Every structure is written in structure tokens, then in C-alpha cells.
Amino acid sequence: MSKTRFDVTRLLRRDIAQLEPYPAPQPLEDFARDLGVSPRDVAKLDQNENPYGPSPRVADALARFDWYHVYPDPEHRVLRERLATYAGASIESVVVGNGSDELIELLFRLFVEPGDRIVSASPTFGYYATAAQVAGAEYVTVPRGPAFELEAAAIASAVNDRTKLILVASPNNPTGNATPIATIRELLELDVIVVVDEAYFEFCGQSAIGLLADPAVDNLVVLRTFSKWAGLAGLRLGYGIFPQALLSAVNAVKAPYSVNQAAEVAGLASIDDVDYLRSTIARILAERERLRDALVSTGLLRPYPSDANFLLCDVIDRIAADIQKHLAERAILVRRYSGPRLENCLRISVGRPEHTDRLIAALQELS
Ligand SMILES: *Cc1c(COP(=O)(O)O)cnc(C)c1O
């Protein structure tokens with residue numbers, strides 16, 4: 001080789017070179033191997049996945065489909081039409097993505113230049129901060145109220161003339177509470193894009209999509225995903241309802257084939273089997289209340305109210321990291337946080353009844 005080697009990292013964008021990767025949990029396979037158990041024996045209560053998995057029709061539809069050698073329809077007309085009916089929106093307003101994470105990234109690509117401001121209410125979903133950093137944006141969070149409620153006035157006071165997006169997860173992750181529609185309406189008065197991330201919509205039933213019936217509402221984007229309620233986290237399928245005025249810009253910047261045929265087939269099979277999926281949601285919601293009571297009875301954890309499929313809990317008189325470790329040694333994964341208001345909290349996804357039983361038995365060893 002004739003030329004001298006150089007450090008490829010010197011070519012990185014300077015702002016990117018300084019970024020920390022988005023904190024990802026250890027892969028389930030590795031965790032299970034280290035513990036000497038099968039991945040199936042891990043109570044995976046750390047990522048709000050659906051413990052019942054997808055509709056059984058998904059596997060059938062994936063097996064029967066025989067067009068995997070052909071690129072997907074870049075306009076995804078069949079899927080978008082079904083999503084439009086499901087969500088109560090027009091087909092033109094539906095944008096599909098490789099998980100809702102891709103749509104968050106798409107919003108940044110559409111709107112955010114270095115130095116622009118993004119506003120959200122903390123604590124909230126960590127990927128917003130990552131996406132803002134990658135875009136070179138200023139990410140400003142205002143603290144939520146005592147019950148983790150989002151305060152429209154606080155958001156409004158953080159909005160300046162460089163602000164492009166307000167990001168609101170409702171129900172919020174990790175706190176579990178939804179933001180009332182009246183509060184969303186107040187945010188829409190501001191001259192910025194209001195993104196309502198409804199990743200947990202199906203567990204709560206309250207949506208901002210109805211606000212789009214008002215023709216004056218032209219700055220609302222609603223994001224949804226199949227990752228949580230439909231048990232498709234591994235296939236990566238999300239969608240958004242975007243203002244129609246943005247559609248040509250969306251089509252100009254979006255990667256055309258980011259949603260693959262398998263995700264499309266699985267999404268369609270899920271919508272065909274909504275009644276089944278609703279029955280698993282009902283089981284999860286019933287289990288959430290049983291889990292809540294059982295956690296309270298241990299005296300170790302104090303759960304906050306939840307409109308979603310997880311419970312954020314204060315750890316009482318103990319250290320959250322110690323409890324997380326104790327549970328992990330018993331093949332039970334829960335999520336822990338750092339940062340204001342969450343430093344001694346655990347977030348526990350609602351699993352199957354047997355997961356609750358194992359979790360409670362493991363906690364009782366400590367109490
Ligand atoms: C899980 C989650 C997402 C990610 O959804 P994907 O479709 O899997 O990318 C987005 N927003 C919130 C608030 C979430 O909790």
C-alpha cells in the first residue's frame with residue numbers, strides 16, 4: 001500500500017465525533033447466556049414489548065407471501081389506505097416508517113438545521129435528545145409537574161423564534177401518563193410543529209388525531225407504532241399522520257424503501273386481526289392493575305398512575321440499582337434511569353401473569 005494510513009475518524013463531522021451512542025440494553029441472547037438460562041426463561045420487562053407477541057396471522061401471512069424478491073411499493077398505498085381507515089385519517093396524510101424512530105428522524109430532516117431549537121417536557125423518551133443532537137439542534141426540556149403532567153405554559157415559555165418542533169409523547173415514556181387533548185390544543189396555538197408521539201395509544205384510547213378535523217390545525221403530526229400494542233417491535237413498523245402541506249417535502253427526503261415487504265405484510269395482517277390484538281391489550285391492562293397492587297404490597301416500590309403498558313415506580317428506602325441487579329440475577333429485566341426525578345426509579349413493563357408472579361416473588365426475598 002503506497003499511501004500512509006490515516007485516522008478515518010478525522011473525517012467525521014465534528015459534532016458527530018463527540019456523540020455518545022444511544023444507550024441500548026445488552027442483547028437478550030447475551031444476557032441469557034451469561035446467566036446460563038434460555039432466552040425464553042427471561043422475564044423481559046424492560047422495553048415495553050407485547051408479551052403475547054404478534055397476531056398469529058402475522059406468521060401465516062409472512063410464510064405465504066411470495067414477493068420478497070420485489071421492492072416494496074414506495075408509496076405503500078395498500079398499507080397506507082388500511083392505516084388511514086384504522087387511524088381515522090386521510091390516506092394522503094399517512095406516512096409509514098421503519099419504526100416511529102425513523103419518522104422522528106424524518107421530522108428532524110424536514111425541519112431542523114443546526115442551531116434550531118427543539119422543546120420537550122422531561123422526563124421523556126430518550127431518543128428525542130439523540131435525534132436533536134445528531135441534527136445539531138438545541139434540545140431544551142422543561143420539567144413536568146408534580147404528577148409528571150406537561151405544562152403548556154412552561155413549554156410556551158421555552159419556545160423561541162428558532163424553535164421548530166415540540167415533542168410530546170402521550171402517553172409519555174417513561175412516566176406513563178397521557179397529556180390531555182386540551183393541553184395539546186394549547187400547544188397548537190404556537191407557531192411550531194407539535195409532534196404527538198402516540199406509541200402507546202392502543203393502551204389508553206386517547207388520540208390527538210381527532211384535532212385534525214379542525215381545518216385550522218395545520219401544525220400537528222401524530223406518530224404511531226406497531227412495536228408496542230401489535231407485538232411487532234422486531235419488524236420495525238411505524239406511521240405518522242402529517243399535515244398535507246408537507247407531503248411533497250416528506251416524499252423528497254424520505255428513503256423510499258425503508259419499510260420492507262415483511263413489515264408491510266405483518267402490519268396488514270395485524271390490522272386484519274385487531275379484535276385479537278385488542279383481547280391481548282385487555283389482558284395487559286388487567287394485568288397492569290394486578291401488578292400495581294402486588295408491587296404496592298411488597299412495600300419496596302411505589303407505582304405512578306399509568307395510561308400505558310408499563311409502570312414507573314419509585315423505589316422506597318432502597319437503591320434502584322440494587323433491586324435491578326437482584327432481579328437480573330433471577331432473569332427478570334426491568335429498566336432503570338438516571339437524571340432528575342428518575343434517579344431512584346424503575347420502569348416495569350406489564351408482562352404475562354407468570355412474569356408478575358416471578359417478579360413479586362423475587363421482590364419478596366428483599367422485603
Ligand atoms: C417505544 C417508543 C417509540 C419507538 O417506537 P418504534 O416504532 O419501535 O421506533 C417511540 N416513542 C416512544 C415514546 C416509545 O416509547
Side-chain angles (χ1 to χ4, degrees), residues 22-25 44-51 53-54 76 79 83 86-87 94-109 118 120-132 134 139 141 144 148 150 165-179 184 194-204 206-208 221-241 254-255 258-260 262-264 266-267 270-271 277 281 284 288 304 306-312 333-335 337 342 345 347-350:
Y22 183 65
K44 195 172 179 322
L45 308 179
D46 61 337
Q47 288 192 293
N48 302 342
E49 294 134 329
N50 188 321
H76 295 283
L79 177 60
L83 289 171
Y86 173 72
V94 177
V95 178
V96 293
N98 188 270
S100 51
D101 285 354
E102 186 197 9
L103 297 168
I104 295 167
E105 208 227 310
L106 177 68
L107 286 163
F108 277 82
R109 253 198 263 171
I118 311 303
S120 76
S122 65
T124 191
F125 187 46
Y127 186 67
Y128 302 155
T130 304
V134 172
Y139 183 62
T141 59
R144 288 171 175 263
F148 292 124
L150 179 141
L165 308 174
I166 296 173
L167 298 172
V168 179
S170 178
N172 186 42
N173 176 8
T175 62
N177 59 313
T179 294
I184 306 289
V194 177
V195 181
V196 182
D197 180 349
E198 296 185 348
Y200 302 96
F201 159 70
E202 281 79 3
F203 299 101
C204 113
Q206 176 202 280
S207 177
V221 173
V222 178
L223 301 182
R224 299 265 187 90
T225 176
F226 281 72
S227 292
K228 312 288 165 48
W229 71 288
L232 291 180
L235 270 177
R236 316 301 304 129
L237 179 62
Y239 63 100
I241 311 300
K254 195 178 173 297
S258 61
V259 173
N260 64 55
E264 170 146 3
S270 302
I271 295 176
L277 290 170
I281 290 167
I284 291 166
R288 181 181 74 196
Y304 286 93
S306 172
D307 299 309
N309 63 337
F310 56 87
L311 293 171
L312 182 71
L333 292 173
V334 300
R335 180 77 194 268
Y337 294 89
L342 298 179
C345 288
R347 189 196 67 190
I348 304 174
S349 310
V350 180

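All of these numbers come straight from a predicted model, not from anything done at the bench. In each ligand, atom 1 is the first atom listed, and ligand 1 is the first ligand listed.
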Considering non-hydrogen atoms of the protein only, which is the closest contact for [atom], and what is the distance?
{"atom": "atom 4 (C) of ligand 1", "result": "Asp101 OD1, 3.4 Å"}
{"atom": "atom 13 (C) of ligand 1", "result": "Asp197 OD2, 3.4 Å"}
{"atom": "atom 8 (O) of ligand 1", "result": "Ser227 OG, 2.6 Å"}

With the threshold set at under 4.0 angstrom, would you say [X] reaches ligand 1 through any of its heavy atoms?
{"X": "Arg236", "answer": "yes"}
{"X": "Lys228", "answer": "yes"}
{"X": "Phe226", "answer": "no"}
{"X": "Ala199", "answer": "yes"}

Please work out whether the ring planes of Phe125 and Tyr128 are parallel, tilted or perpendicular, with thresholds of 30° and 60°. perpendicular
For the residue pair Trp229 and Tyr86, categorise the inter-ring angle as parallel (less than 30°), tilted (30 to 60°) or perpendicular (more than 60°). parallel
Apply side chain to side chain donor-acceptor pair (under 3.5 Å) to Arg347 and Asn173, showing your working. CA-CA 9 Å; Arg347 189 196 67 190; Asn173 176 8; 2.7 Å; yes
What's the separation between atom [atom1] in [X] and atom [atom2] in [Y], rounded to the nearest 0.5 Å?
{"X": "Leu150", "Y": "Asn177", "atom1": "CG", "atom2": "CG", "value": "9.0 Å"}
{"X": "Cys204", "Y": "Glu198", "atom1": "SG", "atom2": "CD", "value": "7.5 Å"}
{"X": "Leu223", "Y": "Asp101", "atom1": "CG", "atom2": "CG", "value": "10.0 Å"}

Between Phe310 and Arg335, is any pair of side-chain heavy atoms under 4.5 Å apart? no
Heteroatom distance test (Thr225, ligand 1): nitrogen or oxygen, under 3.5 angstrom: yes
Who's closest to atom 6 (P) of ligand 1 heavy-atom-wise, of Pro174, Gly97, Ser100? Ser100
Numbered atoms of ligand 1 (with element) below 4.0 Å of Tyr200, judged on heavy atoms: 1 (C), 14 (C), 15 (O)
For the side chain of Asn309 and the backbone of Asn48, is there at least one donor-acceptor N/O pair under 3.5 Å apart? yes
So which bit of Asn173 gets within less than 4.0 Å of ligand 1, heavy atoms only: side chain, backbone, both or neither? side chain
